[in-house]
Each structure stands twice: as structure tokens, then as C-alpha cells.
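For reference, the structure is listed below as C-alpha cells.
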Amino acid sequence: MTTGRPSGGPISERGGDTIENLIEIKGVKHAYATASGPLPVLDGLDVSVPTGTFAAVVGPSGCGKSTLTRLVAGLMKPDEGEVYLHGERVKGPRKTVGMAFQNPVLLEWRTIMDNVILPLEIVAPRMSRADREARAMELLDMVGLTGFENKRPSELSGGMRQRASLCRSLVHKPEVLIMDEPFGALDAFTREDLWQTMRDLRRAEPFTTVLITHDLRESVFLGDQVIVLSGRPARTQYVMDVDLPEDRTLDVLYTPKVADMLHILRDQIKIAQGRDGGAH
Amino acid sequence: MLYKIAVPVASILIFLGFWEFLVWVNGWPNYKMASPSDLPPAFWQYKELFLIMGWQTLWRTVVGLFLAVVFGTLLGMIIGFSRIARDALYPLLVGFNAVPKATLVPVIALLFIGQHDFNTVLMAFMISFFPIAVSVGIGLSTLEPEYRDILRALGASKFTIFRKIALPKTLPEFFGALKVAATLAFIGTNLVEIVSPHGRGLGALFKSGETNGNYPLMFAVLIALAVLGIVLYYAVVFLEKIFAGWAERAQS
């Protein structure tokens, strides 16, 4: 089920003919019906995410980024254009997708363990309880929640809850992980911790990721490519290949190279917001 | 544990002491206002009636409440899931709830003549289903979309999402409403028992006390009703602890 990452080589190798694009979004347009007529949110969205890579999507608030996640998850269909997974048109929800949101949406009446195995109850109804727990434990260990499996969500801190939520979205080994500002509500240090957790999870279990974020440093630290969307209605405005070593540490964020990248992205966001890009 | 029992018991004793004091200080005779010390003899004199009538009142209330739970939950699911149903039914429900139920006693008494048990259960049901329907409806309709999406994205059916997420998530609201409904159901039962002739239950016993000018008996009935109310209320609290105890922990 899981697809391997491209041999752990340098990121610059990807994009070659041999690597399939797991997610392919072509010319997507979409409008929501509102009381005052149709509200266009997406207008010419093109996104390609090669198998095993990490796409970070940034853009002004309210530009339609969350609509993008719902499209990839198969929770809605675009008015125009196509969304492909594995070259197959997305027609509805599929079991190979995992989702995480800013709100960890843990079920308060379940323990952390029972929260994490929830997707398995849907995706793998015949899997034994012991196997489910073993699988969940694997992930809980990886994110540093060993010993918390029998706690209730209310007994955990915000960062721990988000870690548990990540485990839940990965427990069924999805091909695609879709994250909608998962770290947005956390304090800066907890957020950095979670970036590193995210990096380690990807190293341990390859999956393809689409991350919606407002944090440019986050997009560069985690992403293999950063996609800047324009203001609403959103189209793909700018795509940056993040040419950094795969084993990044937080130190990389303080190098001149990353400073330059952040600067470019910052200017692109300004353009997306409809303001002057500034001298560069 | 001792504290948990001692505090309410002490407050009840203080209340009874204050009542006794009021009657004594004002020099009210028995036929004007009974005092707590009049009650034990009244209970003792009519102990068999109290057991029979108390049981009558209790089972009718519980059956009415049970029907209210079943119907109220179904109705709540309908208005919780369907916008049209919500818009259509809310005014009707609010209007029905606003009608004083005492005015319906003669209506159902005529409709179902002599069906005393049925009438009483029906009234207990009618007066108590509303809060349950509303709270379940609101609980379901305010479910955050993310909760649905985590399962919907995996292709889970609507029923699975309801069973695994929506239903347990509304349980705290449901039990909150059930506590209100339990008290209301008692009022419904007694309404019919007191008003309709040849009634049974504690309401009828109250009525006969009134007819015979037996004030200690009337007050004894009120105390018995209060005790039954407390028993039913804490039965609901007990169920809440079992099925929705997590909500209490989540708030602390």
C-alpha cells in the first residue's frame, strides 16, 4: 500500500521522469453558493506533488486553502478541473487518506489509544484489537506519547493532543496526509518540536503530504516544495523548490540561504495579498 | 464520602428545623399549616397507601419519561440532521411546549375516558419530551464539521459517523436535559392524578387529604413526592456517570 520515497537521495533529483506525481491538481475552479450569489474561491489551481514528497501550501487567509484539502480528501468535487491521485480521478473519499486539522478533534470519551485506533475501526474492521494497539503504540512511541495511551485527551497539553491527532491520521498508513494548519494554535517552541516530530515520522514511514500553513518558516523547514496561492479566488501563483538537505535541523532556518528563500516567499505573499512586492 | 452524605443531610435537618420553628413561633394550628413533627404519624397511619400510591406515581412517571426519551431522541435526530425539518418543526414544538399542560388534562380525559394509567403516562410524556428533543437536536446540529470529516474522509457511512461520534458527543447535553425532563415528568403525572376524579397515585392521595382537611397527610404526600423526585434525579445522575462520566473529567 505504501509507496517508497525516492531512495532518500537529494531532493533536487525528484521531478525526473521516473517519479510519479501522486497528487495532480489541474486547472481547478470552484465557487461556493452564497446568499449573495456564487463566491469563487479557486480559479486555476495547479498543484503537482510527487510521491513521497511534502508540499507546503501558503497564501493569504481566506484564499481557499482549506477548500484545497477537501478536494484532495475527496470530500467535495470541484466545479471545473480535475484532481488525480495515482493518476486516478478523485471521485469521493478513499481509505488511503489521513487528515489533521488545527483543532485536534480528539474524542473526549475515548482514551488516547482508542482515539488513535479510530481510523482502523473503519478501514480495517477485521484487524484484531491487539494488532491495532500494537500499530498505535508504534506511532505513539515515535511522537513521544509513550505512557499516555490510557489518558483522556483532556489530561494532555495542546501539543500532546496534536501529537495524538497526528498518530490518528497516520495509523492506517495513508498514502496521503492532508494537514490544515495543524500547528497553528500552538506556541512557538511546541510548534518547532512538532516540526521535528513530523520530520522524524516521515523518515520512519514514507507518505506524501499536503500541508496548509500560515508560517513561512514551517513551510521551508518541512516542505520539499512551497506553493504560494494568490488571494481569493486562489490560483497557483508561485512554486518554490526547497533545495535543502533532507535531514534538516532547526539550525538550517538561520542560514543565509533560508533567509533568502523566506524573503522571496514573503514578497510573494505580499503580491498575493494585492500589495506591492517591494524592492528585491 | 462521609462529607458527601453529611452535608446534604445537615442541610435537610436545618430546613426541617426552620419549618418546625416557623409553625411553632406563629402558633399555626394543624389545619392551617402542618409541621414536620406531624408528618411521621401521618406516614405511619397511611403507610400502606403511601407504598401503593407511591409505586403508582413512580412507575407512571418512569414509563412516561422512557417514552419521552425514545420519542425526544428520535425527534432530536430529525431536527438535528435536517434543516428543513428543523425550520418546519421548531415553531410547532415551541408552541406545543408553551401550552400549559393543565389545560390538556380535560382533553385527554375525554379522549381516553377511564384510561387512567394511559392518560397519566401520556401527560408525563408530553410534558417532558421537549427538552430532550431540543438538546439532542442542538447537540447534533452544532457538531463541528472536522469531527465528521475525520471519518467521512475514510469513506465511513453516515450511520457510522452518528454511532461513533455524533451520538456519544451529544450524551452530556442529553443527560442535562434528562434531569430537567425527569422533574417535569413528575409534574405531569401528578397533574393528572390530582385533577382527574377517581385517580390513583400520590396525587390522588393528596386530593383525598385536601377533601378531608387532613393537612398532615397532604404535607406528607408532598414530602413523599420530593423524595421520589430526588430518587429519580439521582438515578439519572448515576446513569450519567456511567455513560457520560468523561464529560465531567473533561471540564475539570
Side-chain angles (χ1 to χ4, degrees), chain A residues 66 69-76 85 90-112 114-125 151-156 161 164-174 176-182, chain B residues 73 76-77 80-84 86-87 135-136 138-178 236-252:
Chain A
S66 296
T69 64
R70 298 176 62 78
L71 285 173
V72 177
L75 291 174
M76 51 179 275
L85 273 184
V90 174
K91 291 198 191 89
R94 33 170 76 212
K95 297 183 190 305
T96 56
V97 167
M99 288 192 100
F101 308 93
Q102 178 168 355
N103 178 354
V105 287
L106 296 174
L107 312 181
E108 291 293 342
W109 57 94
R110 287 176 171 234
T111 60
I112 293 302
D114 287 340
N115 263 287
V116 172
I117 63 178
L118 177 69
L120 294 177
E121 293 170 15
I122 311 293
V123 171
K151 299 262 189 237
R152 302 269 170 171
S154 55
E155 297 173 274
L156 267 58
R161 268 183 255 183
S165 167
L166 267 180
C167 291
R168 183 180 58 193
S169 42
L170 291 173
V171 74
H172 54 301
K173 300 194 176 171
V176 183
L177 176 64
I178 304 165
M179 296 193 287
D180 193 350
E181 292 186 51
Chain B
T73 306
M77 282 167 65
F81 284 128
S82 156
R83 244 205 110 75
I84 300 175
R86 184 154 65 241
D87 293 342
S135 72
V136 170
I138 289 178
L140 292 179
S141 63
T142 55
L143 183 71
E144 295 92 328
E146 285 106 327
Y147 279 98
R148 229 169 299 140
D149 285 351
I150 46 173
L151 287 193
R152 219 156 72 83
L154 297 170
S157 69
K158 268 201 160 173
F159 177 71
T160 306
I161 295 172
F162 174 75
R163 190 166 54 90
K164 289 202 185 280
I165 294 184
L167 182 71
K169 206 165 159 42
T170 50
L171 275 183
E173 282 105 338
F174 168 80
F175 277 107
L178 191 56
V236 173
V237 170
F238 177 72
L239 290 177
E240 183 184 26
K241 278 230 158 69
I242 293 177
F243 291 107
W246 53 269
E248 215 169 280
R249 277 193 295 274
Q251 277 157 16
S252 59

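In what follows, chains are A, B, ... by sequence order, proteins preceding strands, each numbered from 1.
Residues that satisfy the side-chain contact (heavy atoms from CB on, under 4.5 Å) test with A:Pro182, not counting sequence neighbours, are A:Gln162, A:Met179, A:Leu211.
Proximity to chain A at a heavy-atom threshold of 4.5 Å picks out B:Arg152, B:Ala153, B:Leu154, B:Gly155, B:Ala156, B:Thr160, B:Lys164, B:Ile165 from residues 152-165 of chain B, in numerical order.
A:Ile122 touches chain B through its side chain: at least one heavy atom from C-beta onward sits under 4.5 Å away, while N, CA, C and O do not.
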What's the verdict on side chain to side chain contact (heavy atoms under 4.5 Å, CB included) for A:Trp109 and B:Leu171, showing C-alpha distance, side-chain angles and the deciding distance?
CA-CA 10 Å; A:Trp109 57 94; B:Leu171 275 183; over 6 Å; no
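Atoms CD1 and CG, from B:Ile150 and A:Asn103 in turn, are 9.5 Å apart once rounded to the nearest 0.5 Å.
Surrounding NZ of A:Lys151 are at most 12 heavy atoms belonging to other residues, nucleotides or ligands under 6.0 Å away. Applying the 6.0 Å contact sphere to CD1 of B:Ile242 captures more than 12 heavy atoms from other residues, nucleotides or ligands. For B:Phe243, the CZ atom is loosely surrounded, since the number of other residues' heavy atoms within 6.0 Å does not exceed 12.
Among A:Ile178, A:Val97, A:Leu107, the residue making the largest number of heavy-atom pairs under 4.5 Å with chain B is A:Leu107.
Closest approach of A:Leu106 to B:Tyr147, counting heavy atoms only: O-OH, 3.6 Å.
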